J.: 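Mind looking over this structure? Questions follow.
Small disclaimer: the values here were computed from a predicted structure and weren't measured.
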Amino acid sequence: QVQLVESGGGLVQTGGSLRLSCAFSGRAFDGYAVGWFRQAPGKEREFVAVIKWSDSSTYYADSVKGRFTFSGDNAKNTVYLQMNSLKPEDTAVYYCAARRAAVSGFVAYTMDTVYDYWGQGTQVTVSS
């Protein structure tokens, strides 16, 4: 059984940066695809980014491309999402999710139903 715990959210000004963490327990993260989603108040949960650790390939939503970047620390069994140049529209609860079985391409990974495990979420607030 895999458990995911997010951290690193907080309050930041427009243009600032945050690094979200998704700590894995139960299995090593590099056997999974790890996605990030976010949900703003009154809105549906939306895809942010995914990394397939099998080949380190990544896919980002257009809204965050060039600003958000994945990294990982095997010793800490933790995946990170570095978020730069933050905007007020990035304000949301951010969730990490994981899927063990590989799916070809990236389209499937943009859907939250494809993931097996979810964290509890961490709040990111960007002030204008």
Side-chain angles (χ1 to χ4, degrees):
Q1 185 74 6
V2 172
Q3 292 184 324
L4 308 178
V5 178
E6 301 101 329
S7 61
L11 174 64
V12 65
Q13 292 185 332
T14 297
S17 298
L18 285 173
R19 189 178 74 164
L20 303 185
S21 301
C22 178
F24 272 61
S25 63
R27 293 287 188 274
F29 72 78
D30 56 6
Y32 291 79
V34 179
W36 284 93
F37 288 75
R38 65 187 182 186
Q39 188 167 21
K43 295 187 177 180
E44 292 187 353
R45 187 158 57 186
E46 66 172 357
F47 168 79
V48 175
V50 62
I51 185 166
K52 293 195 282 186
W53 288 104
S54 59
D55 59 6
S56 297
S57 57
T58 57
Y59 181 72
Y60 297 90
D62 288 344
S63 58
V64 306
K65 198 173 297 181
R67 300 188 297 124
F68 291 11
T69 307
F70 273 105
S71 64
D73 186 330
N74 291 90
K76 296 182 178 180
N77 207 21
T78 298
V79 175
Y80 302 101
L81 185 69
Q82 179 67 42
M83 307 189 299
N84 298 328
S85 303
L86 284 163
K87 306 174 182 180
E89 51 264 43
D90 294 319
T91 295
V93 177
Y94 283 70
Y95 299 90
C96 69
R99 177 183 171 91
R100 175 66 174 175
V103 177
S104 62
F106 285 105
V107 173
Y109 290 107
T110 66
M111 297 180 288
D112 56 9
T113 53
V114 81
Y115 293 87
D116 303 313
Y117 306 101
W118 288 85
Q120 83 289 349
T122 186
Q123 176 71 47
V124 172
T125 303
V126 184
S127 63
S128 57

J.: Check whether more than 12 heavy atoms from other residues, nucleotides or ligands sit under 6.0 Å from atom CZ of Phe70, and answer yes or no.
T.: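 Enclosed.
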J.: Could you state the interatomic distance from OG (Ser85) to CG (Asp90), rounded to the nearest 0.5 Å?
T.: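 Ser85 OG to Asp90 CG: 9.5 Å, rounded to 0.5 Å.
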J.: Report the distance from atom CD of Glu44 to atom CZ of Arg38, rounding to the nearest 0.5 Å.
T.: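 Answer for the CD-CZ pair, Glu44 versus Arg38, is 14.0 Å.
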J.: Should Asn84 and Ser17 count as side-chain neighbours, where that means a heavy-atom distance under 4.5 Å?
T.: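 Answer yes - side chains close enough.
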J.: Please indicate whether Gln3 has more than 12 foreign heavy atoms, meaning atoms of other residues, nucleotides or ligands, lying under 6.0 Å from its CD.
T.: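 12 or below, so no.
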J.: Quick one: is the NZ or CZ of Lys52 closer than 6.0 Å to the six-membered ring centre of Phe106, and within 45° of its axis?
T.: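 Yes, a cation-pi geometry holds between Lys52 and Phe106.
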J.: Give a yes or no answer on whether the side chain of Arg100 reaches the backbone of Gly31 with a donor-acceptor pair at less than 3.5 Å.
T.: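 Here the side-chain-to-backbone pair exists.
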J.: Do side-chain atoms of Thr91 reach the backbone of Val126 as a donor and acceptor pair under 3.5 angstrom?
T.: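 Such a contact is found between Thr91 side chain and Val126 backbone.
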J.: Taking the six-membered ring for Trp, are the ring centroids of Phe29 and Trp53 within less than 6.0 Å of each other?
T.: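 Aromatic pair counts; centres sit under 6.0 Å.
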J.: Test side-chain contact (heavy atoms from CB on, under 4.5 Å) on Thr78 and Ser21 and set out the steps.
T.: CA-CA 7 Å; Thr78 298; Ser21 301; 3.9 Å; yes
J.: Do Phe47 and Tyr117 sit in one hydrophobic cluster, given that two such residues count as connected whenever their side-chain heavy atoms are within less than 4.5 Å of each other, even indirectly?
T.: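 Not linked; separate clusters.
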J.: Report yes or no: do Val2 and Leu81 belong to one cluster of Ile/Leu/Val/Met/Phe/Trp/Tyr joined by side chain heavy-atom distances under 4.5 Å?
T.: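 They do share one cluster, since a chain of ILVMFWY contacts under 4.5 Å joins Val2 to Leu81.
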J.: Asn77 side chain to Phe24 main-chain N or O, any donor-acceptor pair under 3.5 Å?
T.: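 Flag set: sc Asn77 to bb Phe24 pair under 3.5 Å.
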J.: Report the C-alpha separation of Thr69 and Tyr60 in whole Å, then their side-chain angles, then the decisive distance to 0.1 Å, and conclude whether the side-chain contact (heavy atoms from CB on, under 4.5 Å) test is met.
T.: CA-CA 9 Å; Thr69 307; Tyr60 297 90; 4.2 Å; yes
J.: Measure from NZ or CZ of Arg19 to the centre of the six-membered ring of Tyr80, then state whether that distance is under 6.0 Å and the direction lies within 45° of the axis.
T.: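 Positive - Arg19 is close enough to the ring of Tyr80 and near enough to its axis.
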J.: Do Arg67 and Lys87 have side chains that approach each other closer than 4.5 Å (heavy atoms only, starting at C-beta)?
T.: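 Result yes, sub-4.5 Å side-chain heavy-atom pair found.
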J.: Would you indicate whether Lys76, at its atom NZ, is surrounded by more than 12 heavy atoms from other residues, nucleotides or ligands within a distance under 6.0 Å?
T.: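 Atom NZ in Lys76 is not crowded, with 12 or fewer foreign heavy atoms closer than 6.0 Å.
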J.: Hey, what do you get for CG (Leu20) to OG (Ser7), rounding to the nearest 0.5 Å?
T.: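 Rounded to the nearest 0.5 Å, the CG-OG separation comes to 8.0 Å.
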J.: Side chains of Gln123 and Tyr94: does their closest heavy-atom pair fall under 4.5 Å?
T.: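 No - every pair of side-chain heavy atoms lies 4.5 Å or more apart.
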J.: How long is the span from the CZ atom in Arg27 to the CG atom in Leu4, to the nearest 0.5 Å?
T.: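 Output value for this atom pair is 12.5 Å.
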J.: In terms of relative ring orientation, are Phe37 and Tyr115 parallel, tilted or perpendicular, with 30° and 60° separating the classes?
T.: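 Phe37 vs Tyr115 ring planes: perpendicular.
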J.: Are Val93 and Val64 in one and the same hydrophobic cluster, where Ile, Leu, Val, Met, Phe, Trp and Tyr link if side-chain heavy atoms are under 4.5 Å apart?
T.: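 No, separate clusters.
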J.: Does the plane of the ring in Tyr95 sit parallel, tilted or perpendicular to the ring in Trp118? Use 30° and 60° as the thresholds.
T.: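 Answer is perpendicular, since the angle exceeds 60°.
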J.: So if you build clusters from Ile, Leu, Val, Met, Phe, Trp, Tyr with side-chain heavy-atom gaps below 4.5 Å, do Tyr109 and Tyr59 land together?
T.: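 Result: yes, single cluster for both.
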J.: Apply side-chain contact (heavy atoms from CB on, under 4.5 Å) to the pair Tyr32 and Arg99, showing each step before the final yes or no.
T.: CA-CA 5 Å; Tyr32 291 79; Arg99 177 183 171 91; 5.7 Å; no
J.: Would you call Leu86 and Leu18 a side-chain contact if the rule is heavy atoms closer than 4.5 Å?
T.: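 They are in contact (side-chain heavy atoms under 4.5 Å apart), so the answer is yes.
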J.: Is any side-chain heavy atom of Trp36 less than 4.5 Å from a side-chain heavy atom of Val50?
T.: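 Sidechains of Val50 and Trp36: no contact.
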J.: Indicate yes or no for a side-chain donor-acceptor contact from Thr125 to the backbone of Leu11 under 3.5 Å, with no hydrogens or angles considered.
T.: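 No.
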J.: Quick check: do Glu6 and Gln120 have side-chain heavy atoms less than 4.5 Å from each other?
T.: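 Touching, per the 4.5 Å side-chain cut-off.
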